[in-house]
Amino acid sequence: MKYNPSLIEKKWQKKWDDLNIFKAEIDYKKPKYYVLEMFPYPSGAIHMGHVRNYTLGDLIARYKKAQGFNVLHPMGWDAFGLPAENAAIENNTLPSKWTYSNIETMKNQLKQMGLSYDWEREFATCSPDYYKFEQKMFLDFYKAGIAYKKETLVNWDPVEQTVLANEQVVDGRGWRSGAEVEKKKMKGWFLKISDFAEDLLNEIDNLKEWPDRVKTMQRNWIGKSNGATINFSINNSDDKVEIYTTRPDTIFGATFIAISPQHLLSLKIAQKNNQAKDFVKFCENQSNKEVDIEKADKFGFETGLTVTHPFKKGINLKIYIANFILMDYGTGAIFGCPAHDQRDYDFANKYSIEIIPVIESKDNLPYTGDGLHINSDFLNGLNTQEAINLSIKKLKKLGIGKETITYRIRDWGVSRQRYWGCPIPIIFCDNCGEVPIPEAELPINLPEDINFDMKGNPLVSHPTWKNTKCPKCNNNATRETDTFDTFFESSWYFARFTELNPSKPFTNEAFKYWMPVDQYIGGVEHAVMHLLYSRFFMRALKFVKSIDLKEPFNSLQTQGMVCHQTFKDRKEKWLFPNEVIKENNTFFHVDTKEKVIAGRIEKMSKSKKNVVDPQQIIQNFGADTARFFMLSDSPPNRDMEWSDSGIEGSWRFLNRLWNFINNLEKEKSHKNLPINLSESQKNLLATLNNTVKEVTKSIDDFHFNIAVASIRSLFNALTSYEILNNNDKSVVSYTTKKLLILINPMVPHIAEELWEKFSENKNMISVERWPVINTNYEETNKIKIPVQVNGRMRAIIEVQTNLSEDDLEKTALNEKNVLKFLNGTPKKVIIIPNRIVNFVI
RNA sequence: GCGAGCGUGGCGGAAUGGUAGACGCACUGGACUUAAAAUCCAGAGUCCGAUAAGGACGUGGGGGUUCAAGUCCCCCCGCUCGUACCA
């Protein structure tokens, strides 16, 4: 009988469904394990990135189940977002219709992969049943003072009359309209993540099972810095300007003051001075992306105002408005010390500002390192830290400065001027101002009768939706038309999965039992924002006494991207991989037979057409082959390259496994291991034991490719084993069954089918227990040890384990090749028992 | 620009500071076949050597620490992710 994946995969998917074996229920008798993969945005169809992510998660879920854990493994849909509105505009449909139809397609595709989800817990975040809870949360935050409104600058498309996301601004123009993007001041809702910055930073140390690189990125994102604020009085004015610096020690090198275009002082100046006004306007209309700001040419506007240097009598510093000073960081104003800061240096050179070195160095300016201070009066001769301390002390004494801690992290702007998101439950009343909607009136649902023909946000142009009565005074009032950032939904969805109750976001019992997520898996692109917002959200919920947990994710693993070679034809048009055929290392177009230009291997993306459709792969090879290749190729945290030959290799392996066991089946029913084992039987069991150890360890370490390699080795040992008698049969049959259990989390359908054929056990393999390491079958007690001369390998000796240093040396000195290179007595002998012998001459 | 990561045969990748290249893919030779595919067996980093023994070189480039460096340190190059309204 031939291996027919489509047949057996459907069969087992149905069985798992019918018996509901992946349903998760609270069971205090078992340790719980919550495995979660980042839920997808329903963009239309699953892609290889999803296949990879969900295969990794499924392996863990099935593995932990086999180890006796009570596993929760849910799936849902991150269903609000911009693409649904774009699709609505392009295809003249509704965002909800488009989204739910995508969900249906993608759910079908996920089902075909044989993933062990508890589908009863599925939800889409765009459903009022989900987002109604967010409205309550937001009101709690609002009442607790964590949510507030403030003015920001947004990208405004004057043609579409709509706010654009950064992504929708291409080279300063709207992506659809092509109109030059303007900046518009708008009020929006913010959450005070900055209040929690210190705790978010400190607790990173306790995230023991997070990758270091993610923790480093979060630390840097929060960006705590110790510095000082200094108040400068403006000459001939009552105004002051407060600056922030991390280097108060360089105060004697200060030669100018720079303030942000959004600084109050800038705005004040702009009111009176048209040139200043133009400059501020010019700065505002620049991109507000961090990359662009940092890379942009530096411009300044000389305000004509000056301040006096606090320690240099009679020295005045000019105040500039500068485009590279961010209002959101520190105080929105700095003193410029060009000798010791790159940006200040560039700025000073451009505007011919004096450059005074105050730290001794042989390097070229600007020098940003440590050193002894010069030209600095009372700071002379001190190093940086000493000078920082003393300068702050002196500033305090003068009453114009103090040490100040600042954070780079900014409050989270959650307002979006969009339709397809969760409505923000606030009402604006002429009499009462902003009024939170009473909880009894929740949820505020999105209207379905909208159209995108009108410009801007359909909630604004909707004829009736925003009109309402004020809950306080009952006068006519209007609703908030902004909706939440979609990070809002993904900041707590993992908690919602623990709960089946439709009337509560989560309950004490279920939340306490299942949370935190034991293993979270997703793309590294979420290393900072999504994960930090989620960590913040837990704290915010704790702050309003909704839950009692700070850290949502105990262990985190991030996966790399799925890549594929790119192809172009002679007209520079991108080609799909299945339009290309390879012959003698040259690529040709399948139809035209023209030569094809093979480009770089890049992340799979629709725009470059270097995509392989998972659906096609599942149809051609089955889900198990796709899963097996995903796991065998690269370690999860690295990028992987999808290759046709790789998938075929996996296909062949599963076929070999299938054929091997089908042939064995004829001679089955050798249940028990023989009491006395032959040498070769012992060896096979030792290999098995070693494989169990290695597979277990590499799954725990998230090195699934090594687990696969190890299983392949065991399979090689199994197929090359010569069966001479019934005892051999028993040992082979025993080993085969263990192999099936080991491979089951990777390729569950074929494992179930072969288990059913081969094992006398009536249970499904999905409920079998993971093999235990049996120390009776340890590997032989002989080991090979390399012998080096001057660190270069010259021989390998095979010796008993734990041989003494003396005996090791003697054995090593019996080697001809060692003696040849030794040529006399060595100066020194380094022996690490069971590891290495090295003669130094 | 800034922050983080990655770089090992023809390819994907293995390797607690201790035998570099496990396990695969592709390739080559052989068996089976009328033939092909599939399957099975064998070989294989590069160069010198005889197809052996053995040796030299070799983990992006340059330098350093060490008895010993893919691994640790410094500098450089290339690529990837993030950069706050894409998700």
Side-chain angles (χ1 to χ4, degrees), chain A residues 38 40-41 43 78 80-83 86 152 154-155 163-169 188 211-214 216-221 223 288-296 324 328 342-343 408-418 485-487 490 523-530 532-533 558 560-561 563 585 600-603 632-635 637-641 643-650 652-653 655-656 659 703 705-706 708-713 716 719 784-796 817 820 826-830 832 835-841:
Chain A
M38 289 179 185
Y41 179 78
S43 54
D78 188 13
F80 273 139
L82 209 44
N86 294 330
T152 44
V154 294
N155 300 312
V163 176
L164 297 177
N166 284 340
E167 186 195 49
Q168 296 175 309
V169 180
D212 286 337
R213 61 172 191 285
V214 174
T216 308
M217 281 190 263
Q218 294 210 353
R219 283 192 193 100
N220 292 338
W221 184 269
N288 49 12
K289 286 190 212 172
E290 192 191 337
V291 203
D292 297 335
I293 293 167
E294 292 286 334
K295 278 189 172 173
F324 62 97
D328 297 311
Q342 182 69 52
R343 287 181 307 183
R408 199 188 77 103
I409 193 170
R410 307 203 293 260
D411 278 343
W412 175 13
V414 293
S415 275
R416 297 291 179 273
Q417 296 71 31
R418 305 239 162 70
D485 174 13
T486 56
F487 275 124
S490 57
V524 68
E525 67 272 20
H526 294 293
V528 176
M529 301 196 70
H530 161 59
L532 197 56
Y533 286 146
T558 56
M561 294 168 305
C563 305
N585 281 322
R600 284 184 20 195
I601 294 159
E602 292 185 59
K603 175 184 175 176
S632 63
D633 195 56
S634 303
N637 57 29
R638 269 213 236 176
D639 291 350
M640 70 167 288
E641 189 198 341
S643 70
D644 291 344
S645 51
I647 190 85
E648 278 159 22
S650 296
R652 276 204 294 271
F653 177 77
N655 272 284
R656 283 213 299 277
N659 294 334
H703 292 153
N705 56 325
I706 300 171
V708 169
S710 188
I711 288 175
R712 290 182 103 127
S713 294
N716 290 345
T719 51
K784 287 175 180 169
I785 291 178
V787 182
Q788 299 181 332
V789 178
N790 271 358
R792 316 209 61 166
M793 216 262 294
R794 296 305 177 187
I796 290 171
N817 207 42
K820 185 173 132 197
K827 265 197 277 185
K828 196 174 167 187
V829 186
I830 288 149
I832 316 280
R835 291 228 83 112
I836 202 158
V837 178
N838 188 9
F839 297 103
V840 185
I841 55 169

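Labels below follow one simple rule: chain letters A, B, ... track the order of the sequence lines, proteins then strands, and each chain is numbered from 1. Model, not experiment: these values are computed from the prediction.
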Between the protein and nucleotides 66-72 of chain B, are there any N/O to N/O pairs under 3.5 Å, and if so, what are the atom names and distances?
residue	atom	partner	partner atom	Å
B:C67	O2	A:N838	ND2	2.5

Rounded to whole angstrom units, what separation is found between the [atom1] atom of [X] and the [atom2] atom of [N]?
X: A:M640; N: B:G24; atom1: CE; atom2: C1'; result: 13 Å
X: A:D328; N: B:A84; atom1: CG; atom2: P; result: 11 Å
X: A:N166; N: B:G82; atom1: CG; atom2: P; result: 13 Å

For [N], does either OP1 or OP2 sit under 4.0 Å from a side-chain N or O belonging to [X]?
X: A:S634; N: B:G13; answer: yes
X: A:R410; N: B:U83; answer: no
X: A:S713; N: B:C23; answer: no
X: A:R418; N: B:C85; answer: no

Taking only the P atom of each, what is the distance from B:G60 to B:U66 in whole angstrom?
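23 Å, rounded to whole Å.
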Taking the P atom in each of B:C48 and B:A42, what is the distance between them to the nearest angstrom?
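Nearest-Å result for B:C48 against B:A42 at atom P: 28 Å.
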Per [X] side chain, nearest of listed nucleotides [options]:
X: A:N155; options: B:C86, B:C85, B:A15; result: B:C85
X: A:I836; options: B:G13, B:G18, B:C85; result: B:G18
X: A:M529; options: B:U80, B:C40, B:A84; result: B:A84
X: A:R656; options: B:A84, B:A14, B:U39; result: B:U39
X: A:E294; options: B:A87, B:G1, B:C85; result: B:G1
X: A:E525; options: B:G24, B:A87, B:G1; result: B:A87

Would you please name every residue forming a salt bridge (Lys or Arg N to Asp or Glu O under 4.0 Å) with [X], sequence neighbours left out?
X: A:E525; answer: none
X: A:R656; answer: none
X: A:R712; answer: none
X: A:D328; answer: A:R410

Can you say whether a donor on the side chain of A:E290 sits under 3.5 Å from an acceptor on the base of B:G1, or the other way round?
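Yes, the side chain and the base share a sub-3.5 Å donor-acceptor pair.
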Scan [X] against the nucleic acid and name what it touches under 4.0 Å (heavy atoms): base, sugar-phosphate only, or nothing.
X: A:E648; result: nothing
X: A:R712; result: sugar-phosphate
X: A:V528; result: nothing
X: A:V787; result: nothing
X: A:F487; result: base
X: A:K289; result: sugar-phosphate

With sequence neighbours left out, write down each residue that passes side chain to side chain contact (heavy atoms under 4.5 Å, CB included) with A:H526, or none if nothing qualifies.
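A:H526 satisfies side chain to side chain contact (heavy atoms under 4.5 Å, CB included) with A:M38, A:H530 only.
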If we only count heavy atoms from C-beta on, is the A:P786 to A:I836 side-chain gap below 4.5 Å?
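Yes, side chains in contact.
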Might you list the N or O atoms of the protein lying below 3.5 Å from N or O atoms in nucleotides 35-37 of chain B, with each pair's distance?
none

Applying side-chain hydrogen bond (donor to acceptor under 3.5 Å, both in side chains), can you list everything that pairs with A:R638, at least two apart in sequence or on another chain?
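A:R638: no side-chain hydrogen bond (donor to acceptor under 3.5 Å, both in side chains) contacts found.
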Residues in side-chain hydrogen bond (donor to acceptor under 3.5 Å, both in side chains) with A:D78, at least two apart?
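If we apply the side-chain hydrogen bond (donor to acceptor under 3.5 Å, both in side chains) test to A:D78, skipping adjacent residues, there are no hits.
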Can you give me the closest heavy-atom contact between A:A165 and A:R418, atom names plus distance?
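A:A165 and A:R418 have their closest heavy atoms at N-NH2, 3.4 Å.
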Using a 4.0 Å heavy-atom cut-off to protein, can you give one letter per nucleotide of nucleotides 46-57 of chain B, 5' to 3': B if the base is in contact, S if only the sugar-phosphate is, - if neither?
--------SSSS
Counting primed atoms plus P, OP1 and OP2 as sugar-phosphate and everything else as base, spell out the protein contacts along nucleotides 3-9 of chain B at 4.0 Å heavy-atom distance: B, S or - for each nucleotide, 5' to 3'.
SSS-S--
Scan nucleotides 30-32 of chain B against the protein and return all N/O pairs shorter than 3.5 Å with their distances rounded to 0.1 Å.
none

Go through the steps to decide whether A:E290 and A:R408 satisfy the test salt bridge (charged side-chain N to carboxylate O under 4.0 Å, His left out), and finish with yes or no.
CA-CA 12 Å; A:E290 192 191 337; A:R408 199 188 77 103; 3.5 Å; yes
